[in-house]
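Within every chain, numbering begins at 1; the chains are lettered A, B, ... in the order of the sequence lines, protein sequences first and strands thereafter.
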Number of protein chains: 2
Amino acid sequence: MNNSPGLPAAASPKPGSQSALRQRNEQLIVASLRENGALTQADLARVTGLSTATISNIVKAMCASGLATTEPTTSSGRRALAVSLLETPDVAAGIDFGRSHVRIILASPGFAVKAEKFVQLPVGHLARESIATAAAMLESLLAESGIARSQVTGAGVGVPGPIDHRTGTVIRGAILPEWVGVDIVSQLEQALRMPVFADNDANLGALAQVTWGEHRTVRDLMFLKIGSGIGAGLILNGSPYYGHTGITGEIGHAPIFDQGLVCRCGNRGCLETVASTAVMIELLSRGEPAPLSVSDVIDRAMSGDAATLRVIDDAGMAVGKAVANVANMINPEIIVVGGPLAPLGETLLAPIRRGLVRHAVPAVGEGTVVAMSSLGDRAEALGAISLALSHSRHWPR
Amino acid sequence: MNNSPGLPAAASPKPGSQSALRQRNEQLIVASLRENGALTQADLARVTGLSTATISNIVKAMCASGLATTEPTTSSGRRALAVSLLETPDVAAGIDFGRSHVRIILASPGFAVKAEKFVQLPVGHLARESIATAAAMLESLLAESGIARSQVTGAGVGVPGPIDHRTGTVIRGAILPEWVGVDIVSQLEQALRMPVFADNDANLGALAQVTWGEHRTVRDLMFLKIGSGIGAGLILNGSPYYGHTGITGEIGHAPIFDQGLVCRCGNRGCLETVASTAVMIELLSRGEPAPLSVSDVIDRAMSGDAATLRVIDDAGMAVGKAVANVANMINPEIIVVGGPLAPLGETLLAPIRRGLVRHAVPAVGEGTVVAMSSLGDRAEALGAISLALSHSRHWPR
């Protein structure tokens, strides 16, 4: 267990430090090799946008730790070194805890998914039930896939709430009140018997976009998760951004209506009281025999139901207004929307863009790309794998 | 002139890159030595919070470029190297262009101020008038202080508007419409005959806090300039933050009232239409024989005038609400308020804190320090010096 209590779970190495930057660059190289197969160092420089000196240093370290190998080749008639990934027996686990699910994915340091499991849990279950479920799921995943526990170098874990990096605990404001105050890292390390690294789910969604997703060369990215809660994760200057105490991306509590509904955070009219899936369901379930599900909302929107489209439009405009405020400050290149509403596509993105353009300064409103995540519901678990890999022996400090 | 056209003015080296981090660390070491005199490397590690390896590398480079020297000493009975700054003949210039003023400060690479000048200009003057004034001021500053032009390694320049880092020009939204579209770097390089590096004034205010100010070890800082415009500058993960195109910190355009006054950005009810000094003056000048000045507003507040205090309180609460939105996202350690209202002290800070606590999630509202800048009106020019120094030969890439 290499996470001593009191040490920040996800804050080692220091975000924004040279080693954090180096890890991001290494992940960029690994992802490019996984996607393209063997590449020369010159090709890697072109694909990743990194300098050849940076690439050469990182490739050297990857070869030393058994993650990559090089062999002589020729490129445009000149001698060159072809770099390729070595398959190692190691895997990392990514665990995504939701309000009513646990998802686990196992993948290699070369970003190849080895095994995957998803389990539904009742809303309001206790933290220890989630943890026990995850431990049992991991056990059966290992048995089914023939992977030994000793091959698992560590587990990244996403929880839907902010983690105070000074104490390693989930703080007030989490969508899962059952997790508040739980020292998630040490409890999971006991249950899983491996090093555990925890982070907020939206932060991991952001990390997934720049490691597993299509935005690997983006330096300033905001991931916006719209679900029963609304949260954001930030990649700034090429690295995950954690702020002073780890409580970032709380866009769900941006004030939209001064005299609006009371929010679980204690304020009024927060974005979550206007645009979460829970609010959409509540609005659209009136007069229905039973509350709708998120898929019902999506189905109705797809079939052109006017009330559903209006609710989604209003929610999207409110999200766009909140996002405009943030974009005015941090000028991201792209805002990636994730969460269960992803199948709505342009139906949700269009009002978000309208809200953004209306409320942002013109150069920012017109210049910021808003797109749906291509990683779907797996973004958080995939990002958790990247987090675990960034702490494994393949990523020397 | 080492800033080729089309190259971003202030974006070289790439913000957040290893060299940007290194420059920040070097400035931290220089500032510590300036303040404390000679220090051992172990002392420097303690004072700056940097690792001894980082310090040793940077001290080596500083000695090689003639900025520092080391000599043997003993510390707690053990042999050590005392590091001290060398006085070099070099100076850097910091130029702050305001709506109605130009300020120039000359300082050494060791952060010692050598000369200083301030000139008032009429509101609405043209960009070329500002530039001509700055050139004449620099000429007479050099003559008066006996500094040769060849000693000036470069000039940092602050303008009160966002600079698009792709074109190097001031973009729409600047408080000085006269500057919009002007290629400020090349025009100033012609007029001043030295390398020029330009940035938004609030960004330079933020840089000043962590180089000249008392917040040198803060990694996540927001500088908030409240003047006739309202803008913010960000230090994130220890480095100035510029975002995708350089248009960050536009908190003056956070929407406060949906149906509020039309703002110069084209939106309605922006923070600037509620809380800028121009709005305060307009509100308080009704029925007065002539419009008040900012000092009149400060004087009236200090003497307890109820209307003035109410106007400041309302403005502060609005600023606090806008700041809460940002703090919820980026979780800064400290928010430093600068600009001409600084003499108001707690009269302005108290309502900002109230707005922040009311609208931020509790852990952020309670955990974020709000303070007045101790650098007063000079913050922007001092930050401009840091910018110029970061590009001079004393800060090798």
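- Note that the OH atom of A:Tyr242 and the CG atom of B:Asp220 stand 13.0 Å from one another [nearest 0.5 Å].
- Distance check: A:Lys321 NZ to B:Asp258 CG gives 4.0 Å after rounding to the nearest 0.5 Å.
- Contact detail for B:Ala254 and A:Asn325: the closest heavy-atom pair is CB-OD1, 3.1 Å.
- A 6.0 Å sphere centred on CZ of A:Arg358 holds no more than 12 heavy atoms belonging to other residues, nucleotides or ligands.
- Between the A:Asn331 side chain and the B:Thr248 main chain, no donor and acceptor come within less than 3.5 Å of each other.
- Across every non-hydrogen atom of B:Tyr241 and A:Ile330, the tightest pair is OH-O, 2.8 Å.
- Among the candidates A:Val364, A:Asn267, A:Thr368, the residue making the largest number of heavy-atom pairs closer than 4.5 Å to chain B is A:Asn267.
- Atom CG of A:Leu271 sits about 11.0 Å away from atom CG of B:Asn328, to the nearest 0.5 Å.
- Nearest approach of B:Ile251 to A:Met329, heavy atoms of both residues: CB-SD, 3.7 Å.
- Contact of A:Ala360 with chain B is made through the backbone alone, with heavy-atom distances under 4.5 Å.
- Between the OG1 atom in B:Thr245 and the CD atom in A:Glu333 there is a gap of 9.5 Å [rounded to 0.5 Å].
- For A:Leu234, the part sitting under 4.5 Å from any heavy atom of chain B is the side chain, from C-beta outward, and nothing else.
- Here the closest non-hydrogen pair linking B:Ile247 and A:Ala363 is CD1-CB, 3.5 Å.
- With values rounded to the nearest 0.5 angstrom, A:Cys265 atom SG is found 11.0 Å from B:His359 atom NE2.
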